Each structure stands twice: as C-alpha cells, then as structure tokens.
Amino acid sequence: MRNERLNVVGVGGTLREGSTSLGALERALRAAGDAGAETEFLDLRGLGLPMYVPGRALDEYGESAADIGRFLEALRRADAVLISTATYHGTLAGVTKNALDFMQFLARDERPYLEGRVVGLIATAGGDQSALNAIGALTHAAHALRGVVAPVTVAVPRARRLADAEGNTTDERLGARLDQLGRLVVDLAARLGYDAETEERQLAPAAGRR
Ligand SMILES: Cc1cc2nc3c(=O)[nH]c(=O)nc-3n(C[C@H](O)[C@H](O)[C@H](O)COP(=O)(O)O)c2cc1C
C-alpha cells in the first residue's frame with residue numbers, strides 16, 4: 001500500500017466568467033484538500049480543450065496537445081474526481097461532456113477511464129428543476145466511465161443567487177454540502193484503497209494513506 005496522500009482532481013466550470021459551477025467545484029476541492037488530499041484543479045475555461053475528434057491521435061491536436069495531455073495525466077493520477085457542470089437545456093453543458101469525451105484516450109490504460117476512482121458530482125442551474133437532470137446525466141456518464149459515484153451529489157438550483165459575481169459560493173448551507181462532498185470523496189477513495197502498483201484493493205479504511 002503506498003503511503004502518499006490521496007489525489008483528488010476537480011474538473012469543471014463553464015466558459016463564462018464568474019462561473020457558479022467553477023466556484024462550487026473550488027469549494028468542494030478545498031474541502032478535499034482540508035481532509036488531507038492532494039488536489040488538482042482543472043478549470044475547463046483555463047484549459048481550453050478543443051472539440052474531441054474520434055480517432056484523432058493526441059499529437060494531431062496541434063497546439064492543444066499539451067493541454068489535453070495535462071488533463072489526461074491528472075486523471076490518471078487521480079484517486080477521486082470531482083466533476084462540476086452547468087445545466088444547459090435540461091442536461092449537462094457541452095463543455096463538460098466534451099471533456100468527458102476526451103477520457104476515451106484512457107480506454108486502453110491498465111486502469112481504463114475512471115475505473116476505481118470515486119466520482120463526486122455537482123451541477124448548477126438557473127432554474128429550479130434541471131440541475132437534478134444534469135446530475136442524472138453525469139451519473140450515467142460516470143458509470144459508463146467505470147467510476148464509483150459518491151452517494152452524496154450537489155444539485156444547485158438558482159445558482160446565481162447563491163454565489164457572488166466571481167461565482168464563489170456565498171450560501172452557507174450550500175457551502176456546507178459542498179464541503180461534505182469534498183470530504184466524502186476523500187473518505188471513499190481511502191476506503192476503496194486501490195493501489196495501481198500492487199493492484200491491491202481493500203475495503204477497510206486505509207489509514208496509512210491519509
Ligand atoms: C445555453 C444555456 C442553457 C441553459 N439551460 C438551462 C436549463 O435548461 N435549465 C436551467 O435551470 N438553467 C439553464 N441555464 C442556466 C444555467 O444553468 C445557469 O446560468 C448556470 O449557473 C450556469 O453555470 P455557470 O454559472 O457555471 O456558467 C442555461 C444557460 C445557458 C447559457
């Protein structure tokens with residue numbers, strides 16, 4: 001069993017300045033860090049992934065190849081992944097889905113896609129209803145990617161009322177739930193205790209890794 005700290009990667013946000021889904025992700029990721037994990041933040045706006053093209057090799061993505069490679073390497077190192085999306089037209093935003101599609105590059109890994117990683121889900125929405133639909137769609141995608149979806153998810157209706165102009169979560173109740181999710185993915189990842197080097201799995205808490 002390795003003794004390094006668990007690694008939690010946060011992927012999300014929209015291309016909009018002041019993204020609430022990005023702010024919510026930052027909050028949950030911070031809680032994961034406070035729970036003892038190493039964290040890595042993959043802001044989709046900053047990353048600027050191009051559209052995924054099936055069959056195109058990584059080096060055929062030109063200037064974007066390095067960013068795509070950075071994205072994939074972060075996922076390969078992850079013990080848990082937090083994914084945060086906006087809700088567009090009743091489901092997850094295209095920028096999020098496109099990022100998930102790039103995980104096709106992980107298909108032939110020893111641990112393909114998100115296998116063995118805990119996945120924590122967050123969705124923000126403008127209205128009252130759709131964030132839950134986005135969580136549902138993300139759950140299907142995370143299962144297809146062989147992730148282990150955490151039983152606490154965070155669906156945020158009327159998200160802009162609960163955030164400042166920069167997208168940071170200002171609502172205490174929402175913040176507490178995001179903190180809970182951040183802590184939970186660390187705890188679940190420790191319990192799954194998958195070690196890629198030894199291919200060892202254990203279901204008891206892996207205290208040595210925290
Ligand atoms: C193209 C588009 C479609 C949207 N569709 C929905 C929708 O179906 N339901 C909803 O509640 N909000 C919808 N919204 C509002 C966004 O979900 C909301 O503004 C969310 O906070 C955006 O995430 P962000 O703050 O991370 O950019 C839509 C926004 C855009 C730009």
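These numbers come from a predicted model, not from an experiment. Whatever order the structure lists them in is the order used to number ligands and atoms, beginning at 1.
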*Asks:* Counting heavy atoms only, which of Gly126, Ser19, Gly90 is nearest atom 15 (C) of ligand 1?
*Replies:*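 Comparing heavy atoms across Gly126, Ser19, Gly90, the nearest one to atom 15 (C) of ligand 1 lies in Gly126.
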*Asks:* Would the distance check show the side chain of Asp179 and the main-chain N or O of Ala31 forming a donor-acceptor pair, the cut-off being under 3.5 Å?
*Replies:*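 Answer holds: no.
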*Asks:* Atom CZ of residue position Arg161 - does it have more than 12 heavy atoms of other residues, nucleotides or ligands inside 6.0 Å?
*Replies:*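 No - once you tally the heavy atoms of other residues, nucleotides and ligands closer than 6.0 Å, there are 12 at most.
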*Asks:* Can you list the ligand 1 atoms lying under 4.0 Å from a non-hydrogen atom of Thr124?
*Replies:*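 This gives 17 (O), 20 (C), 21 (O), 23 (O) as the contact atoms.
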*Asks:* What's the shortest distance from atom 27 (O) of ligand 1 to any protein heavy atom, and which residue and atom give it?
*Replies:*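 Of every protein heavy atom, Thr14 OG1, 2.7 Å lies nearest to atom 27 (O) of ligand 1.
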*Asks:* Could you name the option among Thr87, Leu25, Leu44 that has the heavy atom nearest to atom 17 (O) of ligand 1?
*Replies:*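 Heavy atom nearest to atom 17 (O) of ligand 1 belongs to Thr87.
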*Asks:* Suppose we measure from atom 21 (O) of ligand 1 to each protein heavy atom; which comes out shortest, and what is that distance?
*Replies:*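 Here the closest protein heavy atom is Thr20 OG1, 3.0 Å.
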*Asks:* At what distance is the nearest protein heavy atom to atom 31 (C) of ligand 1, and which residue and atom is it?
*Replies:*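 The closest heavy atom on the protein side is Tyr88 CE1, 3.6 Å.
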*Asks:* Quick one: does Leu42's side chain get under 4.5 Å of Val9's, heavy atoms only?
*Replies:*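 With C-beta onward as the side chain, the pair touches.
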*Asks:* So which protein heavy atom does atom 5 (N) of ligand 1 come closest to, and at what separation?
*Replies:*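 It is His89 N, 2.8 Å.
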*Asks:* Report the part of Arg16 in contact with ligand 1, treating N, CA, C, O as backbone and CB onward as side chain, heavy atoms under 4.0 Å; options are side chain, backbone, both, neither.
*Replies:*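 Near ligand 1, Arg16 shows its side chain, while the N, CA, C and O stay back.
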*Asks:* Numbering the atoms of ligand 1 from 1, which are under 4.0 Å from a heavy atom of Gly127?
*Replies:*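 It comes down to these atoms of ligand 1: 10 (C), 11 (O), 12 (N).
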*Asks:* Tell me, yes or no, whether the heavy-atom count around Glu60 atom CD, taken from other residues, nucleotides or ligands under 6.0 Å, exceeds 12.
*Replies:*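 Yes.
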*Asks:* In this structure, does ligand 1 have an atom that sits under 4.0 Å from one of the heavy atoms of Gly13?
*Replies:*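 The answer is no, since Gly13 has no heavy atom less than 4.0 Å from ligand 1.
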*Asks:* Whether Asp128 and Arg158 form a salt bridge (side-chain N of Lys/Arg under 4.0 Å from carboxylate O of Asp/Glu) is what I want to check.
*Replies:*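 Between Asp128 and Arg158 there is a salt bridge, with a charged N closer than 4.0 Å to a carboxylate O.
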*Asks:* Which residue owns the protein heavy atom closest to atom 9 (N) of ligand 1, what's the atom, and how far is it?
*Replies:*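 For atom 9 (N) of ligand 1, the nearest protein heavy atom comes out as Ser130 OG, 3.2 Å.
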*Asks:* Please check if any side-chain donor atom of Thr20 sits under 3.5 Å from a side-chain acceptor atom of Thr124, or the reverse.
*Replies:*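 Per modelled atom types, Thr20 and Thr124 side chains form a pair under 3.5 Å.
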*Asks:* Is the Tyr61-Tyr52 ring centre distance short of 6.0 angstrom?
*Replies:*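 So the answer is no for these two rings.
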*Asks:* So do the side chains of Tyr88 and Val95 get within less than 4.5 Å of each other, counting heavy atoms only?
*Replies:*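 A side-chain contact is absent here, since even the closest heavy-atom pair is not under 4.5 Å.
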*Asks:* Looking only at protein heavy atoms, which one is nearest to atom 23 (O) of ligand 1, and how far off is it?
*Replies:*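 Ranked first by proximity to atom 23 (O) of ligand 1 is Ala86 CB, 3.1 Å.
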